[in-house]
Visitor: 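After the structure tokens below, expect a handful of questions from me.
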Amino acid sequence: MRVALDPGPLDGPARVQRLAEDGSPLGPPETLSDLAAVACVEREHAPRWVFARARGYRRLLAGGVDVARAHDIELVEGLLVAADGQFGQPHGLAAAVARLEGRTPVPDPPAGDDGPPALFDAGPSTDELADIVAVHAAQQRRLSAATPGMRLLAAAESAGMLVAQEMTAAGLPWRIDVHDRLLVDLLGPKPLLGGRPPKLAALADAVNEAFGRPLNPDSPAEVLRAFARAGHELETTRSWELKRIDHPAVEPLLAYKELARLHAAHGWSWLRTWVADGRFRPEYVVGGVVSGRWATRGGGALQIPKAVRAAVRADPGWKLVAADAAQLEPRMLAALSGDHSLAPGDEDLYTALAAREFAGDRAKAKLALLSAMYGQTSGGAGVLLATLRKRFPAAMAYVEDAARAGEEGRLVRSHLGRTCPPARPGHEQPAAARARGRFTRNFVVQATAAEWALVLLAELRMLLRSAGSRAVLVFFQHDEVLLHAPAEEAEAAAEAVRTAAVTAGRRLFGDTPVRFPMQPRIVEGYDER
DNA sequence: CAGCCTCGCGCC
DNA sequence: AAAGGGCGCGAGGCTG
């Protein structure tokens, strides 16, 4: 059974409508007095709840109610609209209703908006539950005519919404004291009135001294001018470019840039803004990236530098279970292309490839494979690619076909059917076409990896729920998950991760010989390997 | 002043 | 010959 839900105000009644699988109503709309009644329906029927958007579930969680399964109207609409080749169309509920009624879709409300939907609903209807029911039925019709992959993708994307909201609610355990100590070690004591911490100030002084005049090391333009006066014409102030020149300012400047980055992006100001009650709570944006990868809002959650990961520590009596998928993208390529010998087993794929083709040089093997998937040809990649082309013709043909499709302006899709938006018009120049080719070449692999990860999350969540585990997902970053688990449940949680990885591979590719191993580590701190 | 762009760098 | 994919964020710096 499915149940469409308009959760209503936090403490007020919720409106629901029971639905058949195809979305047709089973009886009239009903009013539930409060969220406890929603929880009761969940316990008795465990339906697939149909939400207009993520904040519907956020409201349930705020009331202490969680559910097993969902259908997210906005996320599914985005998938279906793109699959129909309707790119750039809004896919909010109001827009979907407008499309159903043959009106021009209204723009989506601003991202992250939490206001009342009626504010943005320019259409004649203000009955959100009726809108949800109507759009859901239309989506189920479209999904029933689509591929099994699309149906799996729609379910997984919706499960992603549940995971995302639950992870934000749980928060990533973050020790302010550990983070602060780390900052003091690297930067010196926190300056009381803003300004540069002592070690940064000293490095800025050293840069000034090396140039013989004061400048702002944070200003690329000033740095370029200073080097030009010293006889070094640089294109940019990127660190790899600075490293190539011989000047006494280079060393302190590189040290300054590294610490300034830490101070600006993950320093005390970041701590004050983003960590509260021992938890960092970024907002996850499911499918926020064209490839289906997630984005986040707030605190740069997907770019937590290795230098501060020690601050992520389990609560007393708890453990972190950290697991990342090893060499996920080349394994995806092996499965997608049928070139199974590219990924023969569980062992490190680059090491294995290096042993067979690159005289044991792992770095070469890695560069070769990444170049194939990103479209890189410089830096010696060309020679390595020739080796791959000879040894793995099907895998190489797969990415090269995707690149050609992009260059010729054709659409490409992920394994399950996420559609890559076409190039914007006006980009027919040869250089732009090649750039487009690199984009689509990468899309087929990255988007398929993203949907594997999505299915993994959904499977892992269900395994933990059905086992009654107290372990909770607290972080997800493309191919990596972090669980927070009571110490005595950590090993079971780790086993769930391994199982979910196997299941995700099977759900995507059936009984492919390609493996997608995850090796969970049970640790106290996220910095421990 | 806000709003927007570029730069550079963090992560995958 | 040359040709590296995807993001978010803060600081600088320009525009209106």
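Numbered from 1 within each chain, the chains take letters A, B, ... in sequence-line order. The figures that follow rest on heavy atoms only: side chains count, while hydrogens, waters and symmetry mates do not. This structure is a prediction, so every number in the text was calculated from the model and none was measured.
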Visitor: Think A/Lys257 has a side-chain N or O under 4.0 angstrom from the OP1 or OP2 of B/dC9?
Guide: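 A/Lys257 to B/dC9 OP1/OP2: side-chain N or O found under 4.0 Å.
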Visitor: Fit a plane to each ring of A/Phe227 and A/His232, take the angle between them on a 0 to 90° scale, and name the class: parallel (under 30°), tilted (30 to 60°) or perpendicular (over 60°).
Guide: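 The rings of A/Phe227 and A/His232 stand perpendicular, inter-plane angle above 60°.
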Visitor: Are A/Glu283 and A/Arg55 ion-paired here, with the side-chain N under 4.0 Å from a carboxylate O?
Guide: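 No.
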Visitor: Do A/Asp348 and A/Thr351 have a side chain donor and acceptor closer than 3.5 Å?
Guide: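 A/Thr351 and A/Asp348 do have a side-chain donor-acceptor pair below 3.5 Å.
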Visitor: A/Glu329 and A/Arg293: salt bridge (Lys or Arg N to Asp or Glu O under 4.0 Å), yes or no, with the steps?
Guide: CA-CA 13 Å; A/Glu329 293 190 347; A/Arg293 276 186 172 184; 3.6 Å; yes
Visitor: Is there aromatic stacking of A/Tyr374 against C/dG4, centre distance under 5.5 Å, plane angle under 30°?
Guide: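 Stacking is absent between C/dG4 and A/Tyr374, given that the ring centres and planes do not meet under 5.5 Å and under 30°.
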Visitor: In this structure, how many angstroms lie between the P atom of B/dC12 and the CG atom of A/Leu482, rounded?
Guide: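 Interatomic distance, CG of A/Leu482 to P of B/dC12: 13 Å.
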Visitor: Identify whether any heavy atom of A/Ile304 sits under 4.0 Å from a base atom; if not, whether one sits that close to sugar-phosphate; answer base, sugar-phosphate or nothing.
Guide: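 Sugar-phosphate: the residue A/Ile304, judged by heavy atoms under 4.0 Å, touches backbone atoms but no base.
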Visitor: Please report, rounded to the nearest Å, how far the P atom of B/dC12 is from the CD atom of A/Gln477.
Guide: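 Interatomic distance, CD of A/Gln477 to P of B/dC12: 5 Å.
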Visitor: Given atom CD of A/Glu451 and atom C1' of B/dC12, what is their separation to the nearest angstrom?
Guide: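 So the CD-C1' distance, A/Glu451 to B/dC12, works out to 17 Å.
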Visitor: Less than 4.0 angstrom between a side-chain N/O of A/Thr237 and OP1 or OP2 of B/dG8, yes or no?
Guide: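 It does, given that an N or O in the side chain of A/Thr237 lies less than 4.0 Å from OP1 or OP2 of B/dG8.
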Visitor: Which whole-number value in Å describes the distance from A/Lys366 NZ to C/dG4 P?
Guide: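 Spelled out: NZ on A/Lys366 to P on C/dG4 is 18 Å.
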Visitor: In terms of side-chain heavy atoms, does A/Arg281 have a donor or acceptor partner in A/Thr168 at a distance below 3.5 Å?
Guide: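 Absent: no donor and acceptor within the cut-off.
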Visitor: CG of A/Leu254 versus P of B/dG8: gap in Å, rounded?
Guide: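 Distance, rounded to whole Å: 13 Å.
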Visitor: Does a side-chain N-to-carboxylate-O contact under 4.0 Å join A/Asp315 and A/Arg279?
Guide: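 So A/Asp315 pairs with A/Arg279 through a salt bridge.
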Visitor: Pick from A/Val514, A/Leu508, A/Thr448, A/Val399: which one makes a side chain to side chain contact (heavy atoms under 4.5 Å, CB included) with A/Leu336?
Guide: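 So, applying the side chain to side chain contact (heavy atoms under 4.5 Å, CB included) to A/Leu336 and each of A/Val514, A/Leu508, A/Thr448, A/Val399, only A/Thr448 qualifies.
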Visitor: Going by atom types alone, do A/Thr387 and A/Glu357 pair a side-chain donor with an acceptor below 3.5 Å?
Guide: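 No, no side-chain donor-acceptor pair sits under 3.5 Å.
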Visitor: Which letters describe nucleotides 6-16 of chain C, given B = protein heavy atom under 4.0 Å from base, S = only from sugar-phosphate, - = neither?
Guide: BSBSS-SS---
Visitor: Scan A/Ser371 against the nucleic acid and name what it touches under 4.0 Å (heavy atoms): base, sugar-phosphate only, or nothing.
Guide: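 Here A/Ser371 touches no strand at all.
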Visitor: Could you tell me the separation between the CD atom of A/Glu241 and the C1' atom of B/dC7, rounded to a whole number of Å?
Guide: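 For the pair A/Glu241 CD and B/dC7 C1', the rounded distance is 13 Å.
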Visitor: Give, ordered by number, those residues of residues 407-420 of chain A having at least one heavy-atom distance below 4.0 Å to an atom of DNA chain C; if nothing qualifies, reply none.
Guide: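 Heavy-atom cutoff 4.0 Å gives no residues at all.
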Visitor: Below 30° counts as parallel, above 60° as perpendicular, anything between as tilted: where do the rings of A/Phe439 and A/Phe443 land?
Guide: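 A/Phe439 vs A/Phe443 ring planes: parallel.
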Visitor: What's the CZ-P distance between A/Arg434 and C/dG5, to the nearest Å?
Guide: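 These atoms are roughly 12 Å apart.
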Visitor: If I take atom CZ in residue A/Arg238 and atom C1' in nucleotide B/dC7, what distance separates them, rounded to the nearest angstrom?
Guide: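 That distance rounds to 7 Å.
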